[in-house]
Amino acid sequence: MPAEFERHSGCWLLWPERPDTWRHGAKNAQPAFAEIARAIAVSGREAVTVGVSAAQYENARARLDPAVRVVELSSNDAWVRDCGPTVLVDARGRRRAIQWQFNAWGGLNGGAYFPWDRDAEVAQKILEIEGIDRYLAPLVLEGGSIHVDGQGTCLTTEECLLNPNRNPHLSRSEIEALLRRFLGVSTVIWLGKGVFGDETSGHIDNLACFTSPGHVVLTWTDDRKDPQYEISQDALRRLRLARDARGRKLEVHRIHQPGLLTMSVAEAAGIDPQPGTRLRSAGDRLSGSYVNFYIANRAVVMPLLDKRRDGAARRVLQRLFPSREVIGVQSREVLLGGGNIHCITQQIPRPRAA
């Protein structure tokens, strides 16, 4: 699996409309999705495709930048990072992809919604459009639960991959063996928990990621009273003790989380709860993180969440990605749905020259 900071041939998103995830039937979230897609396509210099239901096609086409391709593709929700494919590149430069098993972040034991049948088909649909063959992995896994450096190292969390609502029949060593086999990695670095309150059971992409070989950015807080403090401290200790697949120590760059973010009464009132879906309520803490960004070919598209912290976060990312423009997008509406920019995007790596 290539690192996200390697070259892409394109990026996929899915168009939001689900009323029990997105308030007011995603009327508030759709402009944020459109701006994220535009930033990746225009500033990031990537071919962007958005999968849209038949009912939303005309609306999406009108809202999305002309540079963005729109295709009719049904799904249960808009989290393509997690239900979409993971694309690999072999030693001869050829691409093939993994279609993981998907159960909406926990199935009937804590998952976000039921059913998830159309989401489970998204990876195959994308790969048929892209013309890429696939492996069917015997593992429930979401794309947001893994990050790789492209040189044989994978980052993940115990909270997510060892959660009994994913693969209760598999041990830690068996899950790690499957990661090695399907991702082509030799080293798996296990962190403990993800960002506090993360609805995905602690996805790595909200906590930490590789920015280049040997370098990891980690969400952070200096507030000892914040439950995130001990989580980030533990992650820092593990990262400092770890070695990557090439034997290097990791250099960890801390990026302070936004201030406390909670769902307002008005925001909660706009959600239309349905049986079998996760309930969101006023006052709920939002798992905001500046690490949930997308690395495009020419840009890094980051979430803007807190005016007091946005500038400092942007400066950290600009230092880590000096050859890319760092673009901030107001993404609170994405966060209200349970994720952020990285969660709604999925890169398609460029095939390498043989």
Side-chain ([X]) to main-chain ([Y]) donor-acceptor, under 3.5 angstrom:
{"X": "Q101", "Y": "V140", "answer": "no"}
{"X": "T157", "Y": "H203", "answer": "no"}
{"X": "S9", "Y": "I348", "answer": "yes"}
{"X": "E46", "Y": "N297", "answer": "yes"}
{"X": "D306", "Y": "G259", "answer": "yes"}
{"X": "D119", "Y": "W116", "answer": "no"}
{"X": "R324", "Y": "A296", "answer": "yes"}
{"X": "D272", "Y": "H24", "answer": "no"}
{"X": "D117", "Y": "A120", "answer": "no"}
{"X": "T277", "Y": "Q274", "answer": "yes"}

| request: Please lay out, stage by stage, how L155 and V216 fare under the test side chain to side chain contact (heavy atoms under 4.5 Å, CB included). | output: CA-CA 10 Å; L155 270 180; V216 173; 4.1 Å; yes
If every non-hydrogen atom of [X] is compared with every non-hydrogen atom of [Y], which pair is closest and at what distance?
{"X": "P213", "Y": "F5", "value": "CD-CZ, 3.5 Å"}
{"X": "A235", "Y": "L207", "value": "CB-CD2, 4.4 Å"}
{"X": "L13", "Y": "V80", "value": "CA-CG1, 3.9 Å"}
{"X": "L14", "Y": "V50", "value": "C-CG1, 4.2 Å"}
{"X": "R314", "Y": "L304", "value": "NH2-CD2, 4.1 Å"}
{"X": "T219", "Y": "V291", "value": "N-CG2, 3.6 Å"}

Hydrophobic cluster membership, [X] vs [Y], 4.5 Å side-chain cutoff:
{"X": "F210", "Y": "I255", "result": "yes"}
{"X": "L73", "Y": "V70", "result": "no"}
{"X": "W105", "Y": "L162", "result": "no"}
{"X": "L305", "Y": "M302", "result": "yes"}
{"X": "I295", "Y": "L320", "result": "yes"}

| message | Tell me if the centroids of the rings in W79 and W12 come within less than 6.0 Å of each other. | response |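 Judged by ring-centre distance (under 6.0 Å), W79 and W12 do not meet the cut-off.
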Side chain proximity check, [X] to [Y], heavy atoms < 4.5 angstrom:
{"X": "Y113", "Y": "R18", "value": "yes"}
{"X": "S43", "Y": "E325", "value": "yes"}
{"X": "V334", "Y": "I341", "value": "no"}
{"X": "L335", "Y": "L261", "value": "yes"}
{"X": "V301", "Y": "V329", "value": "yes"}

| Full working for side chain to side chain donor-acceptor pair (under 3.5 Å) between D222 and W220 | CA-CA 7 Å; D222 294 316; W220 191 257; 3.0 Å; yes
Thinking salt bridges, do [X] and [Y] make one under a 4.0 Å N-O criterion?
{"X": "E199", "Y": "R278", "result": "yes"}
{"X": "E130", "Y": "R95", "result": "no"}
{"X": "D90", "Y": "R94", "result": "yes"}
{"X": "E6", "Y": "R352", "result": "yes"}
{"X": "R285", "Y": "D226", "result": "yes"}

| query | Does NZ belonging to K27 count more than 12 external heavy atoms closer than 6.0 Å? | reply |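 Incorrect, the count does not exceed 12.
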| Take atom CD in E58; do more than 12 heavy atoms of anything else shown fall under 6.0 Å from it? |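 No, the 6.0 Å shell around CD holds no more than 12 heavy atoms from other groups.
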| request: I would like to know whether N59 and Q30 meet side chain to side chain donor-acceptor pair (under 3.5 Å); could you show each step before the answer? | output: CA-CA 10 Å; N59 175 45; Q30 288 171 359; 2.9 Å; yes
Test: [X] cationic atom under 6.0 Å from [Y] six-membered ring centre, within 45° of axis:
{"X": "R96", "Y": "Y135", "answer": "yes"}
{"X": "R309", "Y": "Y290", "answer": "no"}
{"X": "R172", "Y": "W190", "answer": "yes"}

| request: Walk me through it: do L250 and R240 pass the test side chain to side chain contact (heavy atoms under 4.5 Å, CB included)? | output: CA-CA 6 Å; L250 299 173; R240 284 177 170 171; over 6 Å; no
| task | Show your working on side chain to side chain donor-acceptor pair (under 3.5 Å) between W22 and D77 and close with a plain yes or no. | result | CA-CA 10 Å; W22 311 101; D77 208 344; 2.9 Å; yes
| request: Assess whether side chain to side chain donor-acceptor pair (under 3.5 Å) is satisfied between D198 and T200, documenting all intermediate values. | output: CA-CA 5 Å; D198 190 329; T200 65; 2.7 Å; yes
| field | Candidate pair R248 and D244, rule salt bridge (Lys or Arg N to Asp or Glu O under 4.0 Å), full reasoning | value | CA-CA 5 Å; R248 292 173 296 215; D244 67 15; 2.7 Å; yes
| said: Suppose we screen for side chain to side chain donor-acceptor pair (under 3.5 Å). Which residues come up paired with E4, at least two apart in sequence or across chains? | reply: H342
| query | Does the pair R166 and E142 meet the rule for a salt bridge (Lys or Arg N to Asp or Glu O under 4.0 Å), with working shown? | reply | CA-CA 10 Å; R166 300 305 207 277; E142 305 91 41; 2.9 Å; yes
| task | Take the angle between the ring planes of Y294 and H8 and call it parallel below 30°, perpendicular above 60°, tilted in between. | result |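 Answer is tilted, since the angle falls between 30° and 60°.
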| Do we see a donor-acceptor contact under 3.5 Å between the side chains of S53 and E72? |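 Side chains of S53 and E72: no pair found under 3.5 Å.
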| Can you tell me if S75 and K125 form a side-chain donor-acceptor pair at under 3.5 Å? | no
From [atom1] ([X]) to [atom2] ([Y]), nearest 0.5 Å:
{"X": "R23", "Y": "R280", "atom1": "CZ", "atom2": "CZ", "value": "13.0 Å"}
{"X": "E174", "Y": "N167", "atom1": "CD", "atom2": "CG", "value": "10.0 Å"}
{"X": "S232", "Y": "H256", "atom1": "OG", "atom2": "NE2", "value": "9.0 Å"}

| said: If you apply the rule salt bridge (Lys or Arg N to Asp or Glu O under 4.0 Å), what do you find for R38 with E35, and how did you get there? | reply: CA-CA 5 Å; R38 189 204 65 79; E35 179 58 25; 3.0 Å; yes
| query | When you look at E158 and K193, which way does the salt bridge (Lys or Arg N to Asp or Glu O under 4.0 Å) test go after all the steps? | reply | CA-CA 6 Å; E158 296 166 344; K193 294 182 179 181; over 6 Å; no
| task | Take R69 and I129 through the side chain to side chain contact (heavy atoms under 4.5 Å, CB included) test and state the conclusion after the steps. | result | CA-CA 12 Å; R69 177 174 66 165; I129 291 171; 4.0 Å; yes
